[in-house]
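Taking it in order: structure first as structure tokens, then the write-up.
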Amino acid sequence: MAKSETSTVEKTHESLNFIEEIIEKDLKNGKNGGRVHTRFPPEPNGYLHLGHAKSICLNFGLAQKYKGLCNLRFDDTNPVTEDTEYVEAIEKDVKWLGFDWGTRKYFASDFFDQLYQYAVALVQSGHAYVCDLTPDQISEMRGKPTEAGKESPFRTRSVAENLDLFERMKNGEFADGSKVLRAKIDMASPNMHLRDPIIYRIRKAKHHRTGDKWNIYPMYDFAHGLCDSLEGITHSVCTLEFEVHRPLYDWFLDSLQTFHPQQIEFARLNINYTVLSKRKLLQLVEEKYVKGWDDPRMPTISGIRRRGYSPESIHYFAEKIGIAKRDNIIDMSLLEFCVREDLNKRAQRGMGVLEPLKLVITNYPEGQVEYLEADNNPEKPESGKRQMPFGREIFIEQEDFMENPPADFYRLAVDREVRLKYAYIIKCNEVLKNEKGEIVEVRCTYEPESKSGQDKTGKKVKSALHWVYAPQAVSAEIRIYDRLFSVEDPEGDKNKDFKEFLNPNSLKVLQNAKLEPFLKEAKLGQYFQFERKGYFVVDPDSRNENLVFNLSVTLKDAYAKGKGK
RNA sequence: UGUCUGGUGGUGCAAUGGUAGCACAACUGAUUUUGGUUCAGUAAGUUCUAGGUUCGAGUCCUAGCCAGACAACCA
């Protein structure tokens, strides 16, 4: 919906990002026969995060915009790190974001036979050779960025010998690490990736899809571009760190004289107060700093889904951050804005008292219950009304009462009046404390003439509090989340491990929240706003006898902000 | 002392040789039975620097400065 809104805005000149400009130019020139075909190529070695969401929205979005196609391709050329668990999680995440790859789900491993044939062709044309150097020797002879490398002594092997050796590598005759197939390019190239890069390595490992079929596996640079080519990808969009790989990407395609997609690089997403690196997220999971990949504090897609962010809000976010080539750090507040923007229009309203304080209305008849009408969503009148029970004893939020209120506190205090939203105006008369001096109950009187919608008192009060009728209140556990890290850039300090900056208060569990009765029936996947507090969803841990809700994001709070909270 | 890429309000993204604009964040005010939403407004830029081309430069050229990426049998 965020999308349709912006598309209905009349624009005399729509500004394009640089990738769209390239595509429109290609379309205009008739390149690729007017075809636009992209792909999203994750490696199934971890869960997807918001950085991937940016890429997914970009690749699938480009295909939609230009009436093309976008493939889902698992880049599974490294059997030791990859697993089908990740494949399933990735598919679920892409679907959740609302994208459809149709029948075009591919695995790099689907192409292993063809890739092998391409490698043989490279050997035959003298473009590749088998090298017996050890990993250390290869690394050392590659040189440094500022100085040329040295050629391998095996570089001059005959085509026949290379062919024989490569086939025997495939057949498992040699030990892991004893030989590799290398491209014969230029050991003096200023681009390190062109100094006879490795194409195939021996790895006698079980692959999640091909099992024990292969003893050798292709490297990324070789496999990726050729898979793009085989799939007919026209625009191969990736992140900036692959920019230096592009000459190699082009070299393989040119050497093999096969269909040549165009690699285009854009800047990866960074967000402050979190990390977007699969490796670091994996550490947080493995070392149990979080409860799992889908911990609601994680910037993973599964995490934000569990947290209660909507797919639409992520689309909106992806649109807002734009696409460019310069390094960027997006404010977390922009993400939260996008979430609120979407949820405000769709979330069912309800009352939830997070930290309850008992309130007794002394002049309200004991045992009497009445039902009051409340809006399901004031932004959407068509969403109707519901009935809320009301009576003598209710719960209000502890923070909505103060004994010695400062001037800017509009809420309840002794001798002050406020409205109970959708109910009556009340006045506080008395505070009850326990032996420790803690406030345990406030006693008020109500104005029978002030009923919501039929107020005859003409009184103006400064605030309207949320509340829950005590006898019918539903108890719940509420998990309050805060940013995962306490500093903007946890990876910024080279001398410190990013985990030192983890926010110790990123999770706060409230065990005794009191909710409006209908919330007992809340279902997984429904979005709620607890009035004045924030957006909440049911957590998968929730049970009938122990309801659990997650805070997605708080409402904006001008008062708390003023207090420096 | 290498190669590639990039530098526009605090943060992102635009402006495609012709008045530097939009959003988030911040701050005012109005409205409000959510201190939400909505609405109106304010502040915030020597467009990295210095030269040059041009009637005119954020945009083109030259030089410099700064930042990021690149030396896995990872992707």
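We name chains A, B, ... by the order of the sequence lines, and we start the count at 1 in each one.
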- Could you check whether A/L465 gets within reach of a base, just the sugar-phosphate, or nothing at all, counting any heavy atom under 4.0 Å? nothing
- Message: Using only modelled atom types and a 3.5 angstrom limit, is any donor from either the side chain of A/H245 or the base of B/A75 paired with an acceptor on the other?
- Response: yes
- Message: What's A/I330 touching, base or sugar-phosphate or nothing? Going by heavy atoms closer than 4.0 Å.
- Response: sugar-phosphate
- If you look at every strand shown and take non-hydrogen atoms under 4.0 Å, does A/Y410 touch a base, only sugar-phosphate, or nothing? base
- Tell me whether the OP1 or OP2 atom of B/C27 has a side-chain N or O from A/K561 closer than 4.0 Å. yes
- Message: Applying a 4.0 Å non-hydrogen cut-off, can you work out what A/D331 is touching in the nucleic acid: base, sugar-phosphate, or nothing?
- Response: base
- Now, which nucleotide makes the Watson-Crick or G-U wobble pair with B/G17, with each of the two distances under 3.5 Å? none
- Message: It should be established whether A/K556 places a side-chain nitrogen or oxygen under 4.0 Å from OP1 or OP2 of nucleotide B/G35.
- Response: no
- Phosphate OP1/OP2 of B/A75: any A/R201 side-chain N/O under 4.0 Å: yes
- Query: Looking for any heavy atom pair under 4.0 Å, which part of the strands does A/R142 touch: base, sugar-phosphate only, or nothing?
  - Reply: sugar-phosphate
- Task: Would you please say whether a donor-acceptor pair under 3.5 Å links the side chains of A/N272 and A/D489?
- Result: no
- Query: What nucleotide, of B/A71, B/G36, B/G35, holds the atom closest to the side chain of A/R411?
  - Reply: B/G35
- Task: Ignoring hydrogens and angles, answer whether the base of B/U34 and the side-chain atoms of A/Q529 contain a donor-acceptor pair closer than 3.5 Å.
- Result: yes
- Item | N/O (side chain, A/R203) to phosphate O (OP1/OP2, B/C74) under 4.0 Å | yes
- Any idea which of B/A14, B/A71, B/G6 is nearest the A/K144 side chain? B/A71
- Describe the nucleic acid contact of A/L133 in one word from base, sugar-phosphate, nothing, applying a heavy-atom distance below 4.0 Å. base
- Query: With a cut-off of 6.0 Å (strictly less than), are more than 12 heavy atoms of other residues, nucleotides or ligands near NZ of A/K204?
  - Reply: yes
- Query: Quick one: A/K460 NZ to B/U31 P, roughly how many Å, whole number?
  - Reply: 11 Å
- Query: Mind checking who B/A40 pairs with, Watson-Crick or G-U wobble, both distances under 3.5 Å?
  - Reply: B/U28
- Pair partner, B/C22 [Watson-Crick or wobble, under 3.5 Å]: B/G12
- Item | Listed nucleotide nearest any side-chain atom of A/E243, set B/U37, B/C4, B/C24 | B/C4
- Give one of base, sugar-phosphate or nothing for A/L420, where a contact means two heavy atoms less than 4.0 Å apart. nothing
- Message: Whole angstroms only, please: what is the CD1-P distance between A/I323 and B/C13?
- Response: 9 Å
- Determine whether any donor atom in the side chain of A/E379 lies under 3.5 Å from an acceptor atom in the base of B/G36, or the reverse, and answer yes or no. yes
- Just name whichever nucleotide pairs with B/U62, Watson-Crick or G-U, keeping both distances under 3.5 Å, else none. B/A50
- Query: What about A/S452, does its side chain sit under 3.5 Å from the base of B/U33 through a donor-acceptor pair?
  - Reply: yes
- What is the nucleic acid contact for A/P247, judged by heavy atoms within less than 4.0 Å: base, sugar-phosphate only, or nothing? nothing
- Looking across every strand, which nucleic acid part, if any, lies under 4.0 Å from A/F409 by heavy atom: base, sugar-phosphate, or nothing? base
- Message: Can you tell me if A/R532 touches the phosphate of B/G36, counting only side-chain N or O atoms and a distance under 4.0 Å to OP1 or OP2?
- Response: no
- A/I264 has an atom CD1; how far is it from atom P of B/G6, in whole Å? 14 Å
- Does one side chain, of A/D221 or A/H193, offer a donor that lies under 3.5 Å from an acceptor on the other? no
- Query: With both distances under 3.5 angstrom, what nucleotide forms a Watson-Crick or G-U wobble pair with B/C70?
  - Reply: B/G2
- Can A/Y220 be called stacked on B/A75 when the rule is centres closer than 5.5 Å and an angle between planes below 30°? no
- Item | Donor-acceptor pair under 3.5 Å, A/R340 side chain vs B/U37 base | no
- Hey, are A/D342 and A/Y527 close enough side-chain-wise for a donor-acceptor pair under 3.5 Å? no
- Message: Can a side-chain donor-acceptor contact be found between A/E370 and A/Y469 if the only test is distance below 3.5 angstrom?
- Response: no
- Message: Taking only side-chain N and O atoms of A/T146, does any of them lie within less than 4.0 angstrom of OP1 or OP2 on B/A71?
- Response: no
- Task: Would you mind classifying the nucleic acid contact of A/F242 as base, sugar-phosphate or nothing, using non-hydrogen atoms under 4.0 angstrom?
- Result: base
- Task: Select one nucleotide: of B/A14, B/A75, B/A71, the one nearest the side-chain heavy atoms of A/N78.
- Result: B/A75
- Phosphate OP1/OP2 of B/A75: any A/T77 side-chain N/O under 4.0 Å: yes
- Which nucleotide, in any strand shown, forms a Watson-Crick or G-U wobble pair with B/G56, with both distances under 3.5 Å? none
- Reckon A/G453 touches a base, only the sugar-phosphate, or nothing at all at heavy-atom distances under 4.0 Å? base
- Under 3.5 Å, is there a donor-acceptor pair linking the side chains of A/T274 and A/R483? no
- Query: Between A/S277 and A/E491, does any side-chain donor sit less than 3.5 Å from a side-chain acceptor?
  - Reply: no
- In whole angstroms, the gap separating C1' of B/C70 from CZ of A/R246 amounts to 14 Å
- Query: Within 45° of the six-membered ring axis of A/Y217 and under 6.0 Å from that ring's centre, is NZ or CZ of A/R203 located there?
  - Reply: no
- Message: I want to check one thing: is the phosphate of B/U32, taken as OP1 and OP2, less than 4.0 Å away from some side-chain N or O of A/R419?
- Response: no
- Message: What's A/Y422 touching, base or sugar-phosphate or nothing? Going by heavy atoms closer than 4.0 Å.
- Response: base
